[in-house]
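Working notes for the structure below.
Bear in mind that the values here come from a model prediction, so they are computed numbers and not experimental data.
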Amino acid sequence: MIKQNSIEEFLISLSSKSPIPGGGGACALGGAIGSSLGSMVGNLTLGKKKYLSVQEDIQVLLEKLSQNTSELLLLMDKDAHAFEPLSKAYALPKETEEEKLYKEQVMEKCLYDASLVPLEIMEQAYKGILLQEEMAEKGTQIAISDVAVGVMFLRSALLGAAVNVWINTKSMKNRKVAECLNQRVEELKQAGTQKADFIFDKVTSKLQS
C-alpha cells in the first residue's frame, strides 16, 4: 500500500517514470497533510483553560479531521488501483474493427472509473477546508498560522484533483456523462477555492493586525 511507504520512498516512486503513484496520489497526500495540520491545532487547544468553553467542539472537530485524513490516505491507494486498468486499456490493440470497438468500450469504462477517485479527493478536500474554518475560529490562536497552511494544502489538493478529473473526461466519448462529472468538479472548485481563500485571508489578517 502506497500510504505505508516512508516519505522518501513515496517521493522516489513519484519522481520515477512509473505512472503510479502520480498526481492523484500526491493530491490525496497533500490534503491529508492539510487536515493533519488542523488536527495539530486542535490538539494544542485541548486542555487549555483559555479555551475551556470550546473543548467539546474541538474534540468533535478532531474526530472529523482524523476521519478526513484517513479517507484521503485511503484515496492514495484507490487512485493507483483506478489508474492501472486505464494504463492497460491504452495498450489494447486496435487493428481490426472488433478490436477498436472493444478498446473503445474498455477505455470508456476505465476513464469513468479513473475520474471518480480524483472527484472523491475533491469531495474530501472540500470537507477538510470546511473543518478548518471552524478550527480557525475556535482553535488556539498561537497556532493559527497552521490552519492557514493546512487550508492551502487542501486547496491545492482540490485543484490538483480537478485537473485529474478533466484529463479523463476530456477523452470520454459519452459527453453527457463527462459533462455531469465536470459540473460537479466546477461546483467543488468554486466553493472550495472561495472558502479556502476566505479562511486564509481571515487568518493572515489576524496575523498582520
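- Closest of all the heavy-atom pairs between I121 and A28 is CD1-CB, 4.0 Å.
- No more than 12 heavy-atom neighbours from other residues, nucleotides or ligands sit within 6.0 angstrom of CD1 on I167.
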>> The test is side chain to side chain contact (heavy atoms under 4.5 Å, CB included); show your working for K138 and Y51 and say whether it passes.
In response: CA-CA 8 Å; K138 299 176 180 179; Y51 299 96; over 6 Å; no
>> Please evaluate residues K49 and L52 with respect to the criterion side chain to side chain contact (heavy atoms under 4.5 Å, CB included), reporting the C-alpha separation (whole Å), side-chain torsions for both, the decisive distance (0.1 Å), and the verdict.
In response: CA-CA 5 Å; K49 291 182 180 179; L52 192 62; 5.6 Å; no
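- Between P85 and D113 the shortest side-chain heavy-atom distance does not fall below 4.5 Å.
- Between P118 and D79, some side-chain heavy-atom pair lies under the 4.5 Å cut-off.
- Rounding to the nearest 0.5 Å places CG of L74 at 10.0 Å from CD of E120.
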>> I'd like to know whether K202 forms a salt bridge (charged side-chain N to carboxylate O under 4.0 Å, His left out) with E137, so could you lay out the CA-CA distance, the side-chain angles of the two residues, the decisive distance to 0.1 Å, and finally the verdict.
In response: CA-CA 10 Å; K202 193 169 183 179; E137 291 295 324; 2.6 Å; yes
> Can you check side-chain hydrogen bond (donor to acceptor under 3.5 Å, both in side chains) on E179 and Q183, steps first, answer last?
Replying inline: CA-CA 6 Å; E179 290 308 317; Q183 182 179 349; over 6 Å; no
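- Contact check for L62 versus N43: side-chain heavy atoms found under the 4.5 Å cut-off.
- Scanning all heavy atoms of the two residues, the minimum distance from R175 to T169 falls at NH1-O, 2.6 Å.
- Between L181 and N168, the closest side-chain pair of non-hydrogen atoms is not below 4.5 Å.
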> Going through the distances and angles, do L154 and S35 end up as a side chain to side chain contact (heavy atoms under 4.5 Å, CB included)?
Replying inline: CA-CA 7 Å; L154 286 157; S35 282; 3.9 Å; yes
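- Other residues, nucleotides and ligands contribute at most 12 non-hydrogen atoms within 6.0 Å of the CD atom of E8.
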> When you look at K48 and T140, which way does the side chain to side chain contact (heavy atoms under 4.5 Å, CB included) test go after all the steps?
Replying inline: CA-CA 9 Å; K48 296 292 191 297; T140 175; 5.6 Å; no
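- Hydrophobic clustering of Ile, Leu, Val, Met, Phe, Trp and Tyr side chains at less than 4.5 Å, counting indirect connections, unites F198 with I144.
- Taking every heavy atom of both residues into account, A157 and A125 meet most closely at CB-CB, 4.3 Å.
- Distance check: Y126 OH to L131 CG gives 11.0 Å after rounding to the nearest 0.5 Å.
- Remark: the backbone N or O of G47 is paired with a side-chain donor or acceptor of Q55 at under 3.5 angstrom.
- The closest side-chain heavy-atom distance from M135 to I58 is below 4.5 Å.
- Within 6.0 Å of the CG atom in L207, the count of heavy atoms belonging to other residues, nucleotides or ligands exceeds 12.
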> Given the rule in the salt bridge (charged side-chain N to carboxylate O under 4.0 Å, His left out) test, do E123 and K127 qualify, once you have shown the distances and angles that lead to the verdict?
Replying inline: CA-CA 6 Å; E123 298 276 6; K127 287 180 182 179; over 6 Å; no
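- Taking both residues in full, the closest heavy atoms of A136 and V203 are given as CB-CG2, 4.2 Å, listed atom of the first, atom of the second, then distance.
- Distance check, rounded to the nearest 0.5 Å: CG of L75 to OG of S70 gives 11.0 Å.
- In this structure, A196 and M152 approach most closely via the heavy-atom pair O-CE, 3.9 Å.
- Atom CD1 of residue I33 and atom OG of residue S156 lie 10.5 Å apart, to the nearest 0.5 angstrom.
- Residues V185 and V163 share a hydrophobic cluster, clusters being chains of Ile/Leu/Val/Met/Phe/Trp/Tyr side chains in contact below 4.5 Å.
- Atoms OG and CZ, on S115 and R184 in that order, are 15.0 Å from each other to the nearest 0.5 Å.
- Formation of a donor-acceptor pair under 3.5 Å by the E108 side chain with backbone atoms of N174 is found in this model.
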>> Under the criterion side-chain hydrogen bond (donor to acceptor under 3.5 Å, both in side chains), I'd like the reasoning laid out for E71 against Q67: C-alpha separation, chi angles, the key distance, then a yes or no.
In response: CA-CA 6 Å; E71 291 291 340; Q67 181 64 31; 2.7 Å; yes
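- Looking at F200 and R155, their side chains never come closer than 4.5 Å, going by heavy atoms from C-beta outward.
- Follow the hydrophobic side-chain contacts under 4.5 Å out from L44 and you never reach V60; the two are in separate clusters.
- Two residues are said to be in side-chain contact when any heavy atoms from C-beta on lie closer than 4.5 Å; E63 and Q59 meet this criterion.
- Annotation for F83: atom CZ counts as buried by contact number, over 12 foreign heavy atoms lying within 6.0 Å.
- Of the inter-residue distances, the one linking N164 atom CG with M122 atom CE reads 10.5 Å to the nearest 0.5 angstrom.
- Within 6.0 Å of atom OH in Y102, 12 or fewer heavy atoms from other residues, nucleotides or ligands are found, so the atom counts as exposed in its surroundings.
- Grouping the Ile, Leu, Val, Met, Phe, Trp and Tyr side chains by contacts below 4.5 angstrom, directly or via other members, places I142 apart from V54.
- At least one donor-acceptor pair under 3.5 Å links the side chain of Q141 to the backbone N or O of G139.
- Using modelled atom types, no side-chain atom of N68 and backbone atom of K64 make a donor-acceptor pair closer than 3.5 Å.
- Hydrophobic clustering (ILVMFWY, side-chain heavy atoms < 4.5 Å, transitive): L11 and L73 are in one cluster.
- No more than 12 heavy atoms of other residues, nucleotides or ligands shown are found within 6.0 angstrom of NZ on K173.
- Here the closest heavy-atom approach between residue S13 and residue P21 is recorded as CB-CD, 3.6 Å.
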